[in-house]
There are 2 protein chains.
Amino acid sequence: MGASRDDKSRNPRQSESGAVSIRDVAKRAGVSIASVSRALNSGSGSVSKATQEKVAAAAQALNYRPNQAGRALRSQSTNTFALINSNIQNNFYAAIAWELERLLSAEKSALLVYTSNEDAETQDRCIEDIRSRQVSGVFFLCAVDSPGLTTLTKNDPVVFINRRLQSCPEISFVGIDDEAAARAQMRSGARRDLRNIAIIHGPESSDTSARRLRGMLDAARDAGANIAPNAIKEARLSMESGYDCAGPLLDDKNLDAIFCGNDQIAYGVYRRCLERGIAVPDQLRIYGFDDNPMNEWLAPWLNTVRVPHVELARTAVEQMQTLTGNGAAREILLPYELIQRA
Amino acid sequence: MGASRDDKSRNPRQSESGAVSIRDVAKRAGVSIASVSRALNSGSGSVSKATQEKVAAAAQALNYRPNQAGRALRSQSTNTFALINSNIQNNFYAAIAWELERLLSAEKSALLVYTSNEDAETQDRCIEDIRSRQVSGVFFLCAVDSPGLTTLTKNDPVVFINRRLQSCPEISFVGIDDEAAARAQMRSGARRDLRNIAIIHGPESSDTSARRLRGMLDAARDAGANIAPNAIKEARLSMESGYDCAGPLLDDKNLDAIFCGNDQIAYGVYRRCLERGIAVPDQLRIYGFDDNPMNEWLAPWLNTVRVPHVELARTAVEQMQTLTGNGAAREILLPYELIQRA
DNA sequence: AATCATATTGGAAACGTTTACAATTGCGAG
DNA sequence: CTCGCAATTGTAAACGTTTCCAATATGATT
């Protein structure tokens with residue numbers, strides 16, 4: 001039976017598609033495909049040492065690699081995870097993505113990377129695609145609210161990194177206590193006697209940005225800092241937006257410091273200062289948030305809050321493993337660190 | 001037959017696995033799975049308008065997404081590409097990755113991202129994984145020589161971006177004329193009368209770095225520039241390595257400029273200058289290569305060569321499409337631009 | 001009204017795995 | 001020598017698609 005099937009559907013040497021399948025290995029090793037599968041996965045049911053060796057030799061000789069599509073179809077598990085990133089150009093996010101990839105590849109898993117650009121519609125397109133690819137889990141690096149998210153979180157393990165969504169309180173989250181960190185940073189500024197300050201915060205629609213703003217305002221009030229009525233501005237989380245917002249603020253010659261919702265915004269502020277001939281940090285201090293790994297090299301003028309991106313990624317992967325093992329969703333806050341460079 | 005099969009293997013409402021399959025759609029629409037497939041793909045063989053609508057409605061109602069594993073298994077084509085990046089933390093590379101993702105997602109394809117860290121063994125592990133995932137094509141962003149590469153290039157469409165390999169002359173390449181660009185940059189430095197110069201080039205094992213070095217030396221000789229015997233150093237393509245190499249060079253107080261193999265190296269040099277109290281660009285000019293998109297914001301002191309990363313990605317995707325359509329491998333050089341900031 | 005061409009449809013096979021189940025083997029004990 | 005048990009192996013079904021082929025419905029032409 002099996003033989004006749006083989007005879008008519010297989011070429012003598014190898015499959016016509018060019019790819020070598022488990023069948024080819026079985027034939028060469030002189031065993032059944034079931035044995036090949038068992039030998040290679042050494043999972044359910046054991047094989048004799050002789051078979052094990054024959055199969056290994058045949059697989060080696062044919063340069064066989066199991067077809068993941070077949071495996072995924074049968075076992076309902078692609079070893080594939082997805083990352084939806086808001087903006088891979090932000091080096092801080094890229095560093096997290098890189099760490100995720102590193103950790104996952106150590107577990108024989110691969111990472112599909114998507115970019116949402118903080119846009120709900122784009123994010124939903126990514127989610128659509130992900131849902132059809134039967135991924136094992138999805139990481140969000142700065143998620144935004146979008147209709148498709150509900151369906152996804154219902155069916156797949158999801159971990160939010162760095163930003164959670166109020167609309168998804170039951171979803172795992174790994175980040176820092178943004179409000180406390182912002183408060184601590186503002187207090188540290190107050191201790192340096194930076195009295196006249198401005199704030200350029202991220203979109204209030206972002207939970208993270210909102211918390212950071214709350215913390216800043218809270219601590220500023222406590223410290224009795226001076227914030228002019230129009231010295232609190234909302235920006236998008238980009239350099240351009242920081243640049244735009246900084247313009248009017250810099251007219252105030254008494255300004256001591258600008259506190260920014262993240263480092264990208266701070267970069268924009270910096271450039272505006274350069275153009276205006278304002279010396280940083282001598283005339284004006286700039287505070288950011290995240291601590292982009294490049295700061296150490298390129299932004300010695302930047303004070304910021306270090307979000308531990310390596311640990312963030314590690315913890316996110318651990319939590320993902322918990323979820324795929326049917327563990328409970330958790331909210332995990334990691335320690336942050338104030339970085340005062342100038 | 002079909003009915004009895006359905007009766008015993010399907011729940012009345014939906015598949016027990018939670019995922020809705022083409023069968024569920026077919027049942028709800030009251031047509032065969034073949035018709036559903038045809039209606040949704042509108043490919044081989046047409047369907048009547050009535051069926052089309054019934055299927056669309058059912059798919060919509062059940063929130064159906066075709067299972068890519070099944071599709072891939074049958075049609076031997078995952079709409080998935082892989083990118084092996086040498087170092088995603090380099091913003092210049094991240095920008096290319098981002099652009100690739102953007103272009104591919106517009107074609108309903110996804111991108112698996114790997115990081116090789118310029119390490120042959122790591123790259124081979126990535127290639128192993130890729131080979132088992134039946135990807136439609138592989139992009140390399142700065143490939144290194146490795147044993148697995150030969151097998152891969154034999155079986156899958158491959159496009160090299162930014163760096164080619166002498167060992168793979170038949171593989172498509174998209175980049176710039178590095179030697180000419182380096183020559184032009186060095187000449188532009190000579191015209192500014194930067195006579196005493198040093199060079200920190202990338203690894204000579206990298207074709208790109210070697211070409212850049214050749215161009216620099218060539219133009220420096222023509223211009224009669226002064227290069228002290230120990231003022232040509234080989235670095236890895238990292239900020240740390242640039243920092244290390246810069247140390248000894250900066251002892252020469254007459255130095256006018258340092259030309260670096262890429263921007264990362266230049267960042268390391270910059271930091272060393274800061275620490276030594278050397279004013280950039282007043283006392284020393286720094287030249288890099290690539291033009292990291294963040295330079296505009298953070299490195300106004302950096303002269304560099306802009307490699308058109310958006311066009312690079314676009315051209316790479318186009319060439320990949322050519323390859324998958326059985327077109328010929330090509331070597332494509334795009335125009336570069338000298339950026340003189342300081 | 002009967003016939004034929006054409007447009008649609010459904011049945012079934014195939015893609016490459018994993019795994020439940022049955023069959024076979026080897027081997028020691030009765 | 002036979003029996004039974006454990007270890008190993010093979011057979012076949014199933015995962016969700018796409019697509020070939022045959023069957024049916026539709027509509028036009030005689």
Side-chain angles (χ1 to χ4, degrees), chain A residues 1-6 8-10 14-27 29-52 54-55 59 64-79 132-134, chain B residues 1-6 8-10 14-27 29-55 59 62 64-79 132-134:
Chain A
M1 291 289 158
S4 86
R5 183 179 191 290
D6 276 357
K8 77 162 190 270
S9 70
R10 291 275 139 193
Q14 202 169 295
S15 142
E16 52 279 6
S17 80
V20 19
S21 81
I22 200 173
R23 253 203 196 77
D24 304 305
V25 179
K27 188 179 287 181
V31 299
S32 74
I33 60 170
S35 292
V36 174
S37 178
R38 279 187 289 251
L40 293 178
N41 298 332
S42 62
S44 76
S46 48
V47 296
S48 73
K49 204 159 175 192
T51 314
Q52 172 71 46
K54 275 189 294 184
V55 169
Y64 168 72
R65 295 288 167 278
N67 179 319
Q68 289 286 351
R71 186 200 287 267
L73 187 56
R74 169 62 216 222
S75 58
Q76 303 289 27
S77 146
T78 65
N79 289 323
S132 76
R133 284 173 197 276
Q134 332 295 121
Chain B
M1 290 289 158
S4 88
R5 181 180 192 288
D6 276 357
K8 76 161 191 272
S9 70
R10 291 275 140 190
Q14 203 169 294
S15 143
E16 53 278 5
S17 81
V20 19
S21 82
I22 198 172
R23 251 201 198 79
D24 304 306
V25 179
K27 188 179 287 179
V31 298
S32 72
I33 60 169
S35 292
V36 174
S37 178
R38 278 187 291 251
L40 294 177
N41 298 333
S42 62
S44 78
S46 46
V47 297
S48 74
K49 204 160 176 189
T51 313
Q52 172 72 44
E53 280 163 3
K54 275 188 294 182
V55 169
L62 295 174
Y64 168 72
R65 295 289 167 278
N67 179 317
Q68 288 286 350
R71 186 200 288 267
L73 186 55
R74 167 65 216 220
S75 58
Q76 303 290 24
S77 146
T78 66
N79 289 325
S132 76
R133 284 172 197 275
Q134 331 295 122

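Side chains are part of it too, since the values below use all heavy atoms of this structure and drop only hydrogens, waters and symmetry mates. Residue numbering restarts at 1 for every chain, and letters A, B, ... go by the order of the sequence lines.
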Any [X] side-chain N or O less than 4.0 Å from OP1/OP2 of [N]:
{"X": "A:S75", "N": "C:dT18", "result": "no"}
{"X": "A:R71", "N": "C:dT18", "result": "yes"}
{"X": "A:S35", "N": "D:dT9", "result": "no"}
{"X": "B:Q134", "N": "C:dC15", "result": "no"}
{"X": "A:N67", "N": "C:dC15", "result": "no"}
{"X": "B:S32", "N": "C:dG10", "result": "yes"}

Dump every N/O contact between nucleotides 5-8 of chain C and the protein below 3.5 Å, one line per pair.
residue: C:dT8; atom: OP2; partner: B:S46; partner atom: OG; Å: 3.3

Roughly how many Å is it from [atom1] in [X] to [atom2] in [N], rounded to a whole number?
{"X": "B:Q68", "N": "D:dC15", "atom1": "CD", "atom2": "P", "result": "19 Å"}
{"X": "A:R23", "N": "D:dG10", "atom1": "CZ", "atom2": "C1'", "result": "13 Å"}
{"X": "B:K54", "N": "C:dG10", "atom1": "NZ", "atom2": "P", "result": "7 Å"}
{"X": "A:Q52", "N": "D:dA7", "atom1": "CD", "atom2": "P", "result": "17 Å"}
{"X": "B:R74", "N": "C:dT17", "atom1": "CZ", "atom2": "C1'", "result": "16 Å"}
{"X": "B:L73", "N": "D:dC15", "atom1": "CG", "atom2": "P", "result": "13 Å"}
{"X": "B:Q76", "N": "C:dA14", "atom1": "CD", "atom2": "P", "result": "14 Å"}
{"X": "A:I22", "N": "C:dC15", "atom1": "CD1", "atom2": "P", "result": "14 Å"}

> Between CD of B:Q134 and CG of A:N67, what distance do you get to the nearest 0.5 Å?
Replying inline: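 CG of A:N67 is found 3.5 Å from CD of B:Q134.
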>> Rounded to the nearest 0.5 Å, what separates atom OG in B:S32 from atom CZ in B:R23?
In response: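 Rounded to the nearest 0.5 Å, the OG-CZ separation comes to 11.0 Å.
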> Which is true for A:A34 with a 4.0 Å heavy-atom rule: it touches a base, it touches only sugar-phosphate, or it touches nothing?
Replying inline: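 The answer is base, as A:A34 lies within the cut-off (heavy atoms under 4.0 Å) of a base atom.
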Where [X] and [Y] come nearest, the two heavy atoms and their spacing:
{"X": "B:V47", "Y": "B:R38", "answer": "CG1-CB, 3.6 Å"}
{"X": "B:P66", "Y": "B:R71", "answer": "CG-NH2, 3.5 Å"}
{"X": "B:K54", "Y": "B:V31", "answer": "NZ-CG1, 3.9 Å"}
{"X": "A:Y64", "Y": "A:I22", "answer": "CE1-N, 3.5 Å"}
{"X": "A:A19", "Y": "A:D24", "answer": "O-OD2, 4.0 Å"}
{"X": "B:T51", "Y": "B:S35", "answer": "CG2-CB, 4.2 Å"}

> Quick one: salt bridge (charged side-chain N to carboxylate O under 4.0 Å, His left out) partners of B:R65, sequence neighbours excluded?
Replying inline: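 For B:R65, the residues satisfying salt bridge (charged side-chain N to carboxylate O under 4.0 Å, His left out) (neighbours in sequence not counted) are A:E128.
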>> Side chain of A:R38 only, heavy atoms from C-beta on: which candidate in D:dT17, C:dT19, D:dC21 is closest?
In response: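 Between D:dT17, C:dT19, D:dC21, the one nearest the side chain of A:R38 would be C:dT19.
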>> Return whichever of B:A50 or A:Y64 has its heavy-atom-nearest nucleotide of DNA chain C closer to the 5' end.
In response: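 Result: B:A50.
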>> Contact between A:V36 and A:K27 at the side-chain level, heavy atoms closer than 4.5 Å - yes or no?
In response: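 The answer is no, as the side chains (C-beta and beyond) never meet within the 4.5 Å cut-off.
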> In degrees rounded to 10°, what angle is found between the helical axes fit to the five outermost pairs at each end of the helix from C:dA1-D:dT30 to C:dG30-D:dC1?
Replying inline: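 It comes to 70° between the two terminal axes.
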>> Once hydrogens and angles are ignored, does a donor-acceptor distance under 3.5 Å link the base of D:dG16 to the side chain of B:R65?
In response: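 Such a pair does not exist between side chain and base.
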